[in-house]
Novice: 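Just passing along the structure, written as structure tokens.
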Amino acid sequence: MIGALVVVLALLAGCTSEEPGTPGGGSGGGGDSGQQQQADAPKAKLTASLATDAADVPPGDPLKISVTEGAIDSVEVLSPEGKPVKGAVAQDKLTWASAEVFGYGKKYTYTAAATGSDGKKVELKGAFTTLRPAKTPRATINPADNATVGVGMPISVKFPEGKVTDKAAVEKALVVDTSKKVEGSWAWLNDQQVDWRPKEYWPSGTKVTVTAKLYGLAYGGGAYGKADLSTTFTVGRNQVVKVNTPDHKMNVYRDGVLAASYPSSNGKDADPNLNTPNGTLIVMQKDPIGDFSNPRYGYTNVKKKWAVRISNHGEFIHENEENRGNIGKANTSHGCVNLLESDAKTYFDSALIGDPVEITGSKANMPTSSDVFDWLIPWSQWQKMSALR
């Protein structure tokens with residue numbers, strides 16, 4: 001009996017003995033278990049570009065969900081109101097990206113699911129909150145929707161409620177699509193206005209669509225865009241007015257061909273302050289009756305018919321029957337182009353906002369301090385006024 005007991009004890013001892021070179025044999029079984037758990041873990045891993053519970057996220061920052069060792073099955077992002085956020089899975093099913101700008105000061109939740117290369121499912125959940133801007137200044141765009149304009153008309157985006165610090169970011173958000181090939185550029189005229197004009201006059205008949213994706217865009221200085229803007233307009237026939245002031249006449253060209261010639265009296269030649277200044281201007285406004293009162297020169301309650309504004313410096317094309325004796329003979333106005341009433345009416349009816357008016361022959365040049373002065377700036381200089389050059 002004693003011998004048998006010894007044999008059993010020997011066998012038990014053999015079962016618990018360590019293998020050569022393997023310290024702590026008792027933990028060997030635990031290592032096998034950990035390896036087994038690792039082998040059983042899903043291979044796919046989902047990650048989000050916005051950390052869960054992130055705060056003050058700029059609304060323009062997209063959410064991107066990515067997967068490794070697998071393919072994305074679905075992604076759902078919900079606003080606080082339960083409205084799904086638009087987005088799309090890439091063709092390779094490795095990423096999903098949001099396709100719309102988030103709202104200001106809102107908390108969004110997301111849930112993503114994927115299948116790993118091992119066939120196992122994984123899920124990712126999270127949330128983030130967008131910032132609430134200190135200010136959201138409005139912007140405006142011109143020309144207005146469905147307008148028909150002259151071949152010199154610039155596109156203008158203005159920010160009347162504040163200065164833009166990050167001009168490059170704003171300019172990147174502005175897109176001009178044209179039905180005909182047109183070379184053009186944006187230029188910042190000041191901190192609150194950026195204009196786009198073609199290198200040469202617009203081709204007649206061009207359809208133009210402008211989009212400004214400004215909502216959620218950081219302008220700098222804590223300001224963010226209030227709303228997106230867009231406009232679609234058409235460039236009309238090519239009509240250009242040319243006035244060489246010593247000639248005492250105003251010529252109207254259609255498609256480069258002289259269509260009409262009207263006798264005129266322009267600004268006084270001897271006084272540069274009263275010249276009709278040199279430069280390419282555009283038709284800015286049309287009024288059947290304009291008020292030309294100017295107390296500085298001693299006349300008030302002066303009304304003239306068929307007033308076509310060509311600058312904010314004070315120049316118009318209008319009738320002036322009181323100056324009939326000088327029209328076509330001498331320059332006696334205070335800077336305007338005076339026409340006979342019948343001629344002024346005919347021209348008024350033919351003019352479009354944005355028609356170019358080219359003035360030459362004067363002693364004074366039009367200052368670049370009045371609106372609109374886009375065509376007074378040489379093209380090479382205009383291009384340098386872009387924030388992206």
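Small disclaimer: the values here were computed from a predicted structure and weren't measured. Atom set for the values below is all heavy atoms of this structure, side chains included, hydrogens, waters and symmetry mates excluded.
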Novice: Can any side-chain N or O of Asp287 pair as donor or acceptor with the backbone N or O of Gly290 at less than 3.5 Å?
Specialist: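 Absent.
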Novice: Evaluate the criterion salt bridge (charged side-chain N to carboxylate O under 4.0 Å, His left out) for residue pair Arg237 and Asp255; output intermediate values, then yes/no.
Specialist: CA-CA 8 Å; Arg237 78 289 174 274; Asp255 297 319; over 6 Å; no
Novice: Quick check: closest heavy atoms across Ser204 and Gly236, and the distance to 0.1 Å?
Specialist: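 Smallest heavy-atom distance, with atoms named: CB-O, 3.1 Å.
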Novice: Is there side-chain contact between Ile317 and Leu339, with at least one heavy-atom pair below 4.5 Å?
Specialist: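 Ile317 vs Leu339: side chains touch.
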Novice: Looking at Glu321, Glu341, Glu322, Glu319, which one forms a salt bridge (Lys or Arg N to Asp or Glu O under 4.0 Å) with Lys305?
Specialist: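 By the salt bridge (Lys or Arg N to Asp or Glu O under 4.0 Å) criterion, Lys305 pairs with just one of Glu321, Glu341, Glu322, Glu319: Glu341.
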Novice: Less than 4.5 Å apart, any side-chain heavy atom of Val151 and any of Pro356?
Specialist: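 Val151 vs Pro356: side chains touch.
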Novice: So for atom NZ, which belongs to Lys304, do other residues, nucleotides or ligands contribute more than 12 heavy atoms lying within a distance under 6.0 Å?
Specialist: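 It does: Lys304 NZ has more than 12 such atoms within range.
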Novice: Would Gln285 and Val308 count as a side chain to side chain contact (heavy atoms under 4.5 Å, CB included) here? Give the steps.
Specialist: CA-CA 6 Å; Gln285 181 180 331; Val308 176; over 6 Å; no
Novice: State, to 0.1 Å, how close Thr165 and Gly221 come at their nearest heavy-atom pair, and which atoms those are.
Specialist: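 Answer, listing the atom of Thr165 first, then Gly221: OG1-N, 4.3 Å.
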Novice: Is a side-chain donor or acceptor of Asn275 paired with a backbone partner of Pro277 at a separation under 3.5 angstrom?
Specialist: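 Not at all, since once roles are kept as given, no pair shorter than 3.5 Å links the two residues.
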Novice: Is it the case that Lys207 and Thr234 place a side-chain donor and acceptor less than 3.5 Å from each other?
Specialist: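 Yes.
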Novice: Scan side-chain atoms only and decide if Thr332 and Ser265 contain a donor-acceptor pair under the 3.5 Å cut-off.
Specialist: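 Yes.
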Novice: Verify the neighbour count for atom CD1 of Ile289: are there more than 12 heavy atoms of other residues, nucleotides or ligands below 6.0 Å?
Specialist: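 Not more than 12 within 6.0 Å, no.
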Novice: Measure the OG-CG distance between Ser369 and Asn312 for me, rounded to the nearest 0.5 Å.
Specialist: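 Ser369 atom OG to Asn312 atom CG measures 10.0 Å (nearest 0.5 Å).
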Novice: Do you see a donor-acceptor pair shorter than 3.5 Å between the side chains of Trp375 and Glu358?
Specialist: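 No, Glu358 and Trp375 have no side-chain donor paired with an acceptor closer than 3.5 Å.
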Novice: Decide yes or no on side chain to side chain contact (heavy atoms under 4.5 Å, CB included) for Ser333 and Lys268, but give the supporting numbers first.
Specialist: CA-CA 6 Å; Ser333 84; Lys268 291 183 178 180; over 6 Å; no
Novice: Do you know which of Tyr262, Phe348, Tyr347, Phe292 makes ring-ring contact (aromatic ring centres under 6.0 Å, His included) with His318?
Specialist: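 Output: one option passes, namely Phe292.
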Novice: Checking side-chain polar atoms at under 3.5 Å, does Thr360 have a donor or acceptor matched by the opposite partner on Asn244?
Specialist: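 A pair is found: one side chain offers a donor N or O, the other an acceptor, under 3.5 Å apart.
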Novice: Could you check if a side-chain atom of Asp61 sits within less than 4.5 angstrom of a side-chain atom of Phe102, using non-hydrogen atoms only?
Specialist: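 Counting from C-beta outward, Asp61 and Phe102 never come under 4.5 Å.
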Novice: Please determine, by modelled atom types, if Gln193 and Ser156 share a side-chain donor-acceptor pair under 3.5 angstrom.
Specialist: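 Gln193 vs Ser156: donor-acceptor pair found between side chains.
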Novice: Rounded to the nearest 0.5 Å, what separates atom OG1 in Thr129 from atom CG in Asp56?
Specialist: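 Here the rounded value is 8.5 Å.
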Novice: Taking the side chain as every heavy atom from C-beta outward, state whether His313 and Pro367 have any pair of such atoms under 4.5 Å apart.
Specialist: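 Side chain of His313 against side chain of Pro367, heavy atoms only: contact under 4.5 Å found.
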Novice: Donor-acceptor check, side chain of Lys180 to backbone of Pro203, threshold 3.5 angstrom: yes or no?
Specialist: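 The answer is no, because no donor-acceptor pair under 3.5 Å joins these two groups.
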Novice: A side-chain contact here means heavy atoms from C-beta on lying under 4.5 Å apart; do Met366 and Ser311 qualify?
Specialist: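 A side-chain contact under 4.5 Å exists here.
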Novice: Between Asp195 (side chain) and Asp374 (backbone), is there a donor-acceptor pair under 3.5 Å?
Specialist: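 A pair under 3.5 Å: no.
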Novice: Tell me if the centroids of the rings in Trp196 and Trp202 come within less than 6.0 Å of each other.
Specialist: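 Aromatic pair counts; centres sit under 6.0 Å.
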Novice: Could you check whether any side-chain N or O of Glu183 sits under 3.5 Å from a backbone N or O of Lys199, counting only pairs where one atom can act as donor and the other as acceptor?
Specialist: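 Pair absent, no side-chain N/O of Glu183 close to backbone of Lys199.
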Novice: Taking side chain as C-beta onward, heavy atoms only, is Val357 less than 4.5 Å from Thr280?
Specialist: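 A side-chain contact under 4.5 Å is absent here.
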Novice: Against Asn266, only a single residue in Thr245, Asn331, Asp247 fulfils side chain to side chain donor-acceptor pair (under 3.5 Å); can you say which?
Specialist: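 Checked Thr245, Asn331, Asp247 against Asn266; only one passes side chain to side chain donor-acceptor pair (under 3.5 Å): Asn331.
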Novice: When you measure from the side chain of Asp355 to the backbone N and O of Val240, does any donor-acceptor pair fall under 3.5 Å?
Specialist: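 Between the backbone of Val240 and the side chain of Asp355 there is no qualifying donor-acceptor contact (under 3.5 Å).
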Novice: For salt bridge (charged side-chain N to carboxylate O under 4.0 Å, His left out), just list the numbers for Lys86 and Glu100, CA-CA rounded to whole Å, side-chain angles, deciding distance to a tenth of an Å, and then say yes or no.
Specialist: CA-CA 6 Å; Lys86 295 178 182 178; Glu100 64 179 79; 5.3 Å; no
Novice: Taking Val194 as the fixed residue, which of Leu174, Leu189, Ile155 is the one that meets the side-chain contact (heavy atoms from CB on, under 4.5 Å) rule?
Specialist: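 Exactly one pass, corresponding to Leu174.
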Novice: Name the one of Ile353, Leu352, Thr148 that satisfies side-chain contact (heavy atoms from CB on, under 4.5 Å) with Met153?
Specialist: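 Only one of Ile353, Leu352, Thr148 forms a side-chain contact (heavy atoms from CB on, under 4.5 Å) with Met153, namely Ile353.
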Novice: Going by heavy atoms in the side chains, are Trp96 and Leu63 under 4.5 Å from each other?
Specialist: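 They are in contact (side-chain heavy atoms under 4.5 Å apart), so the answer is yes.
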Novice: Apply side chain to side chain contact (heavy atoms under 4.5 Å, CB included) to Arg309 and Val283, showing your working.
Specialist: CA-CA 6 Å; Arg309 180 186 288 276; Val283 172; over 6 Å; no
Novice: Can you confirm if the aromatic rings of Tyr215 and Tyr224 lie within a centre distance of less than 6.0 Å?
Specialist: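 No, ring centres 6.0 Å or more apart.
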Novice: Using a distance-only test with no angle check, is there a side-chain donor-acceptor pair under 3.5 angstrom linking Thr209 and Asp177?
Specialist: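 The answer is no; no qualifying pair exists.
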Novice: Thr276 and Glu315: side-chain donor and acceptor closer than 3.5 Å?
Specialist: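 Side chains of Thr276 and Glu315: no pair found under 3.5 Å.
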Novice: Please name the pair of heavy atoms, one in Pro143 and one in Phe233, separated by the smallest distance, quoted to 0.1 Å.
Specialist: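 Closest approach of Pro143 to Phe233, heavy atoms only: CD-CE2, 3.7 Å.
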Novice: Taking all non-hydrogen atoms of both residues, which atom of Ala44 and which atom of Gly70 are closest, and how far apart?
Specialist: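 Scanning both residues, the minimum pair turns out to be CB-CA, 4.4 Å.
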Novice: Any donor-acceptor pair under 3.5 Å linking the side chain of Thr231 with the backbone of Asp145?
Specialist: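 At least one qualifying donor-acceptor pair exists.
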Novice: So do Asn320 and Leu340 actually touch side chain to side chain, heavy atoms under 4.5 Å?
Specialist: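 In short, these two side chains do not touch, never coming nearer than 4.5 Å.
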Novice: To the nearest 0.5 Å, what is the distance between CG on Leu124 and CD1 on Ile65?
Specialist: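 Leu124 CG to Ile65 CD1: 5.5 Å, rounded to 0.5 Å.
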Novice: Distance check, rounded to the nearest 0.5 Å: Asn338 atom CG versus Arg324 atom CZ?
Specialist: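 Taking CG in Asn338 and CZ in Arg324, the distance rounds to 12.0 Å.
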Novice: Please work out which of the three classes, parallel, tilted or perpendicular, describes the rings of Phe128 and Tyr110, given edges at 30° and 60°.
Specialist: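 Rings of Tyr110 and Phe128: tilted, as their planes differ by 30° to 60°.
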Novice: Kindly indicate, with the supporting measurements, whether the criterion side chain to side chain contact (heavy atoms under 4.5 Å, CB included) is fulfilled by Met250 and Lys242.
Specialist: CA-CA 6 Å; Met250 186 182 91; Lys242 296 187 179 184; over 6 Å; no
Novice: Please confirm whether the backbone N or O of Arg138 pairs with a side-chain atom of Glu161, one donor and one acceptor, at under 3.5 Å?
Specialist: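 Yes; at least one donor-acceptor contact below 3.5 Å.
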Novice: Only one of Lys120, Lys121, Lys93 forms a salt bridge (Lys or Arg N to Asp or Glu O under 4.0 Å) with Asp73, so which one is it?
Specialist: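 Of Lys120, Lys121, Lys93, salt bridge (Lys or Arg N to Asp or Glu O under 4.0 Å) with Asp73 is met by Lys121 alone.
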Novice: Taking Lys106's backbone N and O only, do any of them form a donor-acceptor pair with Thr130's side chain (distance below 3.5 Å, no angle check)?
Specialist: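 The answer is yes, because a donor-acceptor pair under 3.5 Å joins these two groups.
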